[in-house]
Amino acid sequence: MRMVDLIHKKRVGEALTEQEITFIITDYTAGQIPDYQMSAFLMATFLNGMTDEETSFLTLAMAGSGEMIDLSAIAGVKVDKHSTGGVGDKVSLIVGPVVASLGIPVAKMSGRGLGHTGGTLDKLESIPGFQIELSKEAFIEAVNTNKIAIVGQSGNLAPADKKIYALRDVTATVDSIPLIASSIMSKKIASGAEAIVLDVKIGSGAFMKTVEDARVLARTMVDIGTRLNRKTIAMITDMDQPLGREIGNANEIRESIDVLRGTGDAELTEVAISVAAYMTVLGKVFTSFEEAQEAVRDIITQGKALDTFKRFIASQGGDARVVDQPELLPTAAYHMEVKAQQAGFINEIQAENIGIAAMLLGAGRAKKEDLIDYGVGLTLNKKIGDAVQVGESICTIHANRLDVTEVEAMILDAYQITSTQPAQKQLIYDVIE
């Protein structure tokens, strides 16, 4: 089998066999296929696409390129949740304790933030003492004891995906549905999930900009999961503005605690309830989404998952007192208001700009090696549909420096104020089962 023949086959639009795709992934991971040939293959795939069967073969080959996590020692149906990324998206921090409080094991491997999107691990590490690295044995024990553990991804989890993604980034082949879907699903398969809820974001702060594109990606990932015997559901949710009102690591822990108390942002709470409800259905605690949604809403509004959240934090070395004393979390030195320069209604908030503004403060990374400042971030005082007067605060900047001119300009540019009130935003556009 020769790589040049497989490049040609894909270039002319023919489908590859499982054996051929496995050969490509295995030999590229081993360094036997050079980057220039893989680049040609990726471009051919970008231009001609893949069949559903090919995409499943690619997913399985990338998952099998490294360690396949065995979670069979954990009792119950292991349900995972994945978001395609956004600004202010702290849903994992909320649904994890909620689902675990119902007895469903949450054995989650998460990533760090890069660019305008935040990472679950960075948020958890803003809790003093919290450890995101556990041995496999400690990870399994934590889940069996508390029904939840969230750790960093193993360095040998889907290594083919890491190599290929780096190449996609420099060959303009990132936005290919088969390549995106197989990248996401290969890590979920390798991490041992038996059932998966996917939160596909759309809008200005998301990779997918339209409902149509998001629906294609969601359907592709659900099909992959089904073909590989994983129960999979995909939700398409809004990211045209940040989710919730807090952006920044410790800020988002505080907001997650508020939601778990039943006093959090309404839109964030609704998305979290829906995600958690689908997780509990896949986890076989409930048979219908409506029944699950009612039970999850009760857990959140009554604050019934707070003790689970405390045990989860403590089991991974964190200071669980932050749940009752959020002032123990890192806090910025300065708090500055960004004020509206005209009256009217908030018509638009460019979520990506807000994410970049938070990154410039130190809440995110422009490069992988950048350090995070856990205490800095933004609080959105006005969101889409809200009325605002001249001089009224639309956003609070939490910074550890006084010169935030660039950040303030980016926030003002992100907010669009008009004379008429816009229609209420739709939170959940579709569910693909």
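- For the pair Lys81/Ser92, a side-chain contact is recorded, criterion being any heavy-atom separation below 4.5 Å from C-beta on.
- Contact annotation: the side chain of Arg297 approaches that of Glu270 to within less than 4.5 Å [non-hydrogen atoms, C-beta and beyond].
- Between the side chains of Glu352 and Ser204, no donor-acceptor pair of N or O atoms lies under 3.5 Å.
- The aromatic ring centroids of Phe23 and Tyr28 lie 6.0 Å or more from each other.
- Taking CG from Asp413 and CD from Glu408, the interatomic distance works out to 12.5 Å, rounded to the nearest 0.5 Å.
- Summarising the geometry of Ala292 relative to Val281, their closest heavy-atom pair is CB-CG2, 3.8 Å, with the distance given to 0.1 Å.
- Tyr429 and Thr237 make their closest contact through CD1-C, 4.3 Å (heavy atoms, listed as atom of the first residue, atom of the second, distance).
- Looking at heavy atoms from C-beta onward, Ile349 lies in side-chain contact with Pro242 at the 4.5 angstrom threshold.
- A salt bridge links Asp386 with Arg245: the distance from a Lys NZ or Arg NE/NH1/NH2 to an Asp or Glu carboxylate oxygen falls below 4.0 Å.
- Counting only heavy atoms from C-beta outward, the side chains of Arg2 and Asp5 approach each other to under 4.5 Å.
- For the atom pair OG (Ser39) and CG (Leu167), the distance works out to 3.5 Å, reported to the nearest 0.5 Å.
- Inter-residue side-chain proximity for Thr55 and Ile177 is flagged as unmet; no heavy-atom pair is nearer than 4.5 Å.
- Here the shortest heavy-atom pairing between Thr226 and Thr232 reads N-OG1, 4.3 Å.
- In plain terms, the two heavy atoms of Leu121 and Ser110 that are nearest each other are CD1-O, 3.3 Å.
- Here the shortest heavy-atom pairing between Leu16 and Phe41 reads CD1-CE1, 3.5 Å.
- The side-chain heavy atoms of Lys10 and Glu54, taken from C-beta on, include a pair separated by under 4.5 Å.
- For the residue pair Gln293 / Glu291, no side-chain donor-acceptor distance below 3.5 Å is found, with atom types taken as modelled.
- Looking at Glu67, its side chain never comes within 3.5 Å of a backbone N or O of Asn156 through a donor-acceptor pair.
- The two residues Asn400 and Val376 make their nearest non-hydrogen contact at ND2-CG1, 3.6 Å.
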Check against side-chain contact (heavy atoms from CB on, under 4.5 Å), Asn249 and Leu124:
CA-CA 8 Å; Asn249 299 285; Leu124 286 170; over 6 Å; no

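- Using a 4.5 Å heavy-atom threshold, the side chains of Lys231 and Glu194 count as separate.
- The aromatic rings of Phe130 and Phe312 lie perpendicular to each other, with more than 60° between the two planes, well past the 30° mark.
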Go through the steps to decide whether Arg365 and Asp122 satisfy the test side-chain contact (heavy atoms from CB on, under 4.5 Å), and finish with yes or no.
CA-CA 10 Å; Arg365 300 178 182 83; Asp122 300 315; 2.8 Å; yes

Pair His398-Asn251, side-chain contact (heavy atoms from CB on, under 4.5 Å): steps then yes or no:
CA-CA 9 Å; His398 308 287; Asn251 281 5; 3.3 Å; yes

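- Under 3.5 Å, the side chains of Thr396 and Asn381 contain a donor-acceptor pair of N or O atoms.
- Although no hydrogens or angles enter the test, the distance criterion places a donor-acceptor pair under 3.5 Å between the side chain of Ser186 and the main chain of Ser183.
- Residue Thr171 holds its OG1 atom at 10.5 Å from CD1 of Ile164, rounded to the nearest 0.5 Å.
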Show your working on side-chain contact (heavy atoms from CB on, under 4.5 Å) between Lys123 and Leu93 and close with a plain yes or no.
CA-CA 9 Å; Lys123 295 165 193 176; Leu93 301 171; 4.1 Å; yes

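- In this structure, the side chains of Leu71 and Ile74 come closer than 4.5 Å at one or more pairs of heavy atoms.
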